[in-house]
Amino acid sequence: GCVGSPVQFTDVSVGSGEWEWNFREGSTSDEQNPKFIYDEPGNYAITLFSSDTLGCSGFATMDIPFTVHSRPEATMNVQNLSGCTPFTPAITNTTTGATQYQWNFGDGSAIMNDVVPTYAYSTSGTYALSLIALNAAGCADTTQIDSLHALMVPIASLNFENTEGCRPLNVQFSNESTYLESPGYQLLIADSVTFSNPDFDLSLINPGYYSIEFQVQNSNGCADTVIY
């Protein structure tokens, strides 16, 4: 058995009507089929004294001491609880006494068994990261971090026509960005002109080739930039 887990004991004596189980010093039960929880690891001698309605009694001791195993202590740290997708949490496994690990990232992906896993969340959302640690005896402990935040990253896209022509060249810009979350915009043209609103008309007077750099940043700090 494992520390902290109920152990089921079953009476197999015949004709008994009263029972007295002794699990360890000071811990007894008068139930026929009791459960008992050990809070310390060790080897324990289990005894049963039973009697029938006529006063006849019997005494039995388990041939092999009952062994209770300690549990591992599952602990972990995550340095970065949030980040832009693809978001990779920086995990440190500080578990003691374990030989196997089961990591559940809370997004429906497969369980990972690495000592220290590397995983990236590709979809924005809030996730719970849980760890089950097991030792060689099969005893387990679990721990969980409830709130890992994978933040939405915008995809910057700007549509415009009239890419060449006689001056003044009138260009109409329209924002076609996606995955937006209270975004802010910055549009840089010819390294000198900046606009905060991506839907506008612009008249270019000076002849030449113009580069366009368009950046979208969500309120969560995640950003994307496209250059035309």
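Positions are given from 1 along the sequence.
- Neither V68 nor L134 shares a network with the other; the hydrophobic side chains, linked directly or stepwise wherever heavy atoms of I, L, V, M, F, W or Y lie under 4.5 Å apart, form separate groups for each.
- By the 6.0 Å contact criterion, CD on Q79 is open, its count of non-hydrogen atoms from other residues, nucleotides or ligands being 12 or less.
- Between Y185 and N175, the side chains place a donor N or O and an acceptor N or O closer than 3.5 Å (distance only, hydrogens not considered).
- In summary, the side chains of T75 and T94 do present a donor paired with an acceptor at a separation below 3.5 Å, with no hydrogens or angles considered.
- No donor-acceptor distance shorter than 3.5 angstrom exists from the side chain of Q215 to the backbone of D224, with no hydrogens or angles considered.
- Members clustered with F49: F59, by chain and number, using a 4.5 Å side-chain heavy-atom cutoff among hydrophobic residues.
- Evaluation of the ring pair (Phe, Tyr, Trp, His ring centres under 6.0 Å) rule for Y38 yields F36, Y44, F66 as partners, not counting sequence neighbours.
- For N170 and Q172, the side-chain atoms include no donor-acceptor pair closer than 3.5 Å.
- Partners of F173 according to the ring pair (Phe, Tyr, Trp, His ring centres under 6.0 Å) rule, which considers only residues two or more places apart in sequence or in another chain, are F160, F200.
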- How far apart are the C-alpha atoms of L151 and N218, what are their side-chain angles, what is the distance that settles it, and do they pass the side-chain contact (heavy atoms from CB on, under 4.5 Å) test? CA-CA 9 Å; L151 306 177; N218 282 341; over 6 Å; no

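- S16 and D52 form no side-chain donor-acceptor contact under 3.5 Å, judged by distance and modelled atom types alone.
- Take Q32 and apply the side chain to side chain contact (heavy atoms under 4.5 Å, CB included) test, not counting sequence neighbours, and it matches D11, W19.
- Considering only residues two or more places apart in sequence or on other chains, T28 meets the side chain to side chain contact (heavy atoms under 4.5 Å, CB included) condition with N22.
- Counting heavy atoms of neighbouring residues, nucleotides and ligands inside a 6.0 Å radius, atom CD of E176 exceeds 12 of them.
- For F105, the ring pair (Phe, Tyr, Trp, His ring centres under 6.0 Å) criterion is met by Y119, not counting sequence neighbours.
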